[in-house]
2 protein chains.
Amino acid sequence: MAAWRAFLMAHARIARALEAELQAEQGMSLADYEVLLQLARADERRMRMSEIADRMILSRSGATRVVDRLERSELVRRISCESDRRGAWAQLTDAGYRRLRGASPTHLRGVARHFWDKIPADELDRLRESLESVAEECPRD
Amino acid sequence: MAAWRAFLMAHARIARALEAELQAEQGMSLADYEVLLQLARADERRMRMSEIADRMILSRSGATRVVDRLERSELVRRISCESDRRGAWAQLTDAGYRRLRGASPTHLRGVARHFWDKIPADELDRLRESLESVAEECPRD
DNA sequence: GGTGTATGATTGACTTCGCAACTATACCAC
DNA sequence: GTGGTATAGTTGCGAAGTCAATCATACACC
């Protein structure tokens with residue numbers, strides 16, 4: 001049980017610290033950052049709404065609202081899907097890409113300081129494996 | 001970086017699953033459960049508001065509101081502090097204790113199924129150590 | 001003892017997110 | 001094609017949490 005509490009504790013503290021740093025230095029939320037990052041890595045820098053929801057572990061309405069916000073800041077644009085007219089793509093704009101690149105040093109430094117650096121390298125790898133298997137087998141909705 | 005993403009992923013999925021199960025079977029949120037649990041373990045089953053905020057990694061106003069909710073359900077009562085009249089205790093009521101005991105099997109089963117059981121016992125221990133050190137050294141506000 | 005600052009808790013305004021309901025489109029069966 | 005069901009996304013509403021401001025009390029210093 002101690003491991004579980006440590007897990008919750010670590011998550012809460014790190015997430016809060018990263019959020020605060022990103023907000024202070026870059027005026028961006030962690031959620032927004034993560035979405036921009038996923039989009040930047042995606043093919044043609046675009047993803048379907050539901051894909052965003054899945055990767056972010058967000059409800060579908062949650063995805064709608066994140067993209068709403070990002071679209072208002074012109075970091076992302078919506079493109080309706082040709083092949084399935086119910087669907088929509090969210091695509092990273094150039095401004096969005098620049099914004100992401102601008103913010104990433106802050107984020108990477110934060111993750112390093114609060115997470116990587118505290119964990120021995122060999123343990124980091126085992127930890128990744130364990131957590132991946134935990135996430136993998138967890139009910140997907 | 002993969003370790004960090006796995007960490008986020010695992011947290012999001014497990015927390016969501018536990019929340020859903022607890023809500024479905026016991027009509028209780030995870031946040032409320034955790035507060036009741038901390039209170040049950042505390043001396044005289046009571047804690048100061050700010051202590052609750054710290055342990056839950058919540059803002060002070062957040063703590064006020066959780067206790068508001070629990071007080072409305074009569075699972076907790078507020079007692080003004082004798083020695084520092086600005087302060088307040090939140091104390092678990094008997095009903096609150098029964099509610100906690102009623103809900104704990106659901107929660108424990110969930111943590112076991114989604115977390116413990118997926119991680120080899122020896123790794124679980126190393127993981128706890130790593131995460132504790134991570135949480136420990138994280139800026140406390 | 002009076003003044004100034006720090007601290008515990010609460011409140012109001014706001015943001016974010018989930019659920020349930022809804023719309024629009026796709027797909028399947030006949 | 002028509003009807004029924006499933007899926008993609010959005011929207012209204014409510015729940016929960018934050019920040020900044022506020023109030024009351026404590027504490028320190030002169």
Side-chain angles (χ1 to χ4, degrees), chain A residues 8 11-13 15-24 27-35 46-73 76-91 139-141, chain B residues 8 11-13 15-24 27-36 46-73 76-91 140-141:
Chain A
L8 284 181
H11 173 84
R13 280 222 227 281
R16 185 175 283 256
L18 291 178
E19 176 84 43
E21 289 169 10
L22 203 57
Q23 197 60 249
M28 189 187 301
S29 77
L30 197 51
D32 288 358
Y33 179 89
E34 296 280 351
V35 171
R46 62 185 196 175
M47 289 167 72
R48 293 290 293 267
M49 296 304 295
S50 51
E51 209 178 336
I52 293 178
D54 290 347
R55 291 244 201 137
M56 298 295 127
I57 316 199
L58 216 57
S59 68
R60 288 172 185 255
S61 56
T64 295
R65 292 176 213 280
V66 181
V67 172
D68 281 350
R69 287 201 299 275
L70 293 172
E71 199 173 26
R72 251 180 276 124
S73 328
V76 153
R77 74 179 134 255
R78 273 189 174 81
I79 302 176
S80 65
C81 177
E82 300 284 309
S83 60
D84 182 344
R85 289 166 55 187
R86 295 167 302 183
W89 296 96
Q91 184 172 44
R140 224 51 69 77
D141 232 346
Chain B
L8 283 181
H11 172 83
R13 282 222 225 280
R16 187 178 281 258
L18 291 178
E19 176 84 43
E21 289 169 9
L22 203 58
Q23 196 59 252
M28 188 188 298
S29 78
L30 197 51
D32 288 358
Y33 179 89
E34 297 280 350
V35 172
L36 296 183
R46 62 184 196 175
M47 289 167 72
R48 293 289 295 267
M49 296 303 296
S50 51
E51 208 179 336
I52 294 179
D54 290 347
R55 291 243 202 142
M56 296 297 127
I57 315 197
L58 217 56
S59 67
R60 288 172 184 255
S61 55
T64 295
R65 292 178 211 281
V66 181
V67 172
D68 282 350
R69 287 201 300 277
L70 294 173
E71 199 173 26
R72 252 181 274 125
S73 326
V76 153
R77 76 178 134 257
R78 273 190 175 79
I79 301 176
S80 65
C81 178
E82 300 284 310
S83 60
D84 182 343
R85 289 164 58 187
R86 294 167 302 183
W89 297 96
Q91 183 172 45
R140 223 51 67 79
D141 231 349

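In the text below, chain A, chain B and the rest are named by the order of the sequence lines, each starting its count at 1.
Taking atom CD1 of A/Ile52 as the reference point, atom P of C/dC17 lies 13 Å away to the nearest angstrom. Between B/Leu22 atom CG and D/dA16 atom C1' the separation is 16 Å, expressed in whole Å. Spacing between atom CG of A/Asp32 and atom P of C/dT15 amounts to 13 Å, rounded to whole angstrom units. Remark: P of C/dT15 and CG of A/Asp68 are 14 Å apart, rounded to the nearest angstrom. Taking atom CG of residue B/Leu30 and atom P of nucleotide D/dA16, one finds them 12 Å apart after rounding to whole Å. The distance from atom CE of A/Met47 to atom C1' of D/dA8 is 15 Å, rounded to the nearest whole Å. Residue A/Met56 contributes atom CE, which lies 13 Å from atom P of C/dG18 at whole-angstrom precision. Nucleotide D/dA16 holds its C1' atom 9 Å from the CG atom of B/Leu58, rounded to whole Å.
Evaluation of the side chain to side chain contact (heavy atoms under 4.5 Å, CB included) rule for B/Ala17 yields A/Cys138, A/Pro139, B/His114 as partners, not counting sequence neighbours.
Take the nearest nucleotide of DNA chain D for B/Arg69 and for B/Ser61: the residue whose nucleotide is more 5' is B/Arg69. Nearest-nucleotide assignment on DNA chain C puts the 5′-proximal partner with A/Gly62, out of A/Gly62 and A/Glu82. Residues A/Ser83 and A/Ala63 both approach DNA chain C. Their nearest nucleotides, taken by heavy-atom distance, put A/Ala63 toward the 5′ side.
A donor-acceptor pair is defined here as one N or O able to donate and one able to accept, closer than 3.5 Å; such a pair exists between the side chain of A/Glu71 and the backbone of A/Arg78.
Contact record, A/Ile52 with A/Ala63: CG2-CB, 4.3 Å, taken as the closest heavy-atom pair. Residues A/Arg60 and A/Ser50 share a closest heavy-atom pair of NH1-CB, 3.1 Å. In terms of heavy atoms, B/Leu22 sits closest to B/Ser29 at CD2-O, 3.7 Å. The nearest pair of heavy atoms linking A/Ser59 to B/Arg16 is N-NH2, 4.0 Å. Here the shortest heavy-atom pairing between B/Leu30 and B/Ala15 reads CD2-O, 4.1 Å.
Between the side chain of B/Ser59 and the base of D/dC19 there is no donor-acceptor pair of N/O atoms closer than 3.5 Å. Counting atom types as modelled, A/Arg65 pairs a side-chain N or O with a base atom of D/dG12 as donor and acceptor under 3.5 Å. Taking only distance into account, the side chain of A/Arg16 never meets the base of D/dG17 through a donor-acceptor pair shorter than 3.5 Å.
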What nitrogen or oxygen pairs link the protein and nucleotides 7-9 of chain C at under 3.5 Å?
residue, atom, partner, partner atom, Å
C/dT7, O2, B/Arg86, NH1, 2.6
C/dG8, O3', B/Arg48, NH2, 3.2
C/dA9, OP1, B/Arg48, NE, 3.0
C/dA9, OP1, B/Met49, N, 3.4
C/dA9, OP1, B/Ala88, N, 2.9
C/dA9, OP1, B/Ala88, O, 2.9
C/dA9, OP2, B/Ser50, N, 2.6
C/dA9, OP2, B/Ser50, OG, 2.9

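Each end of the helix from C/dG1-D/dC30 to C/dC30-D/dG1 gets its own axis, taken as the rotation carrying the C1' atoms of four end pairs onto the next four within a five-pair window, and the two axes meet at 20° to the nearest 10 degrees.
Within the model, atoms CZ of A/Arg65 and CZ of A/Arg69 stand 10.0 Å from one another, a figure rounded to the nearest 0.5 Å. B/Arg86 CZ to B/Arg48 CZ: the interatomic distance, rounded to the nearest 0.5 Å, is 8.0 Å.
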